[in-house]
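For reference, the structure is listed below as structure tokens.
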Amino acid sequence: MNQRFTKTHAKEEITKLVQKFKDDFHDIKNPQMKEAQLEDTYIKPLFSFLNWNIHTSGIKKGMEEFRVQTSQRVKKSTKQPDY
């Protein structure tokens with residue numbers, strides 16, 4: 001079940017998330033940081049605070065608000081999502 005955030009609570013949580021992003025920026029720029037980790041740490045929480053159903057609970061396939069990005073093979077290399 002998804003937690004619903006009021007506008008005030010969402011604003012507080014997003015403010016904290018932005019500050020965490022600023023504090024962690026040096027580590028985020030490290031090439032060893034995987035985009036999936038960025039998604040879990042910053043992107044999913046942001047959309048969760050905006051009351052998006054990031055876990056697609058109770059939503060029909062194809063109607064999701066948030067889809068997990070996967071790697072895909074393009075020619076001879078594997079491409080990953082680019083945030």
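Just so we're clear, the structure is a prediction, and the values are computed from it rather than from any experiment.
Listed by first and then second residue, the salt bridge (Lys or Arg N to Asp or Glu O under 4.0 Å) pairs that reach into residues 5-14 are Glu13-Lys16, sequence neighbours excluded.
Using cut-offs of 30° and 60° for the angle between ring planes, the Trp52 and Phe47 rings count as tilted.
A distance of 9.5 Å separates CG of Leu17 from CG of Asp24, quoted to the nearest 0.5 Å. Atom CG in Leu38 sits 7.5 Å away from atom CZ in Phe21 (nearest 0.5 Å). Once rounded to the nearest 0.5 Å, the distance linking CD of Gln37 with CG of Asp27 reads 11.0 Å. Note that CZ of Arg4 is 8.5 Å distant from CG of Asn53, once rounded to the nearest 0.5 Å.
Ser48 contributes no side-chain N or O that, together with a main-chain N or O of Lys44, makes up a donor-acceptor pair within less than 3.5 Å.
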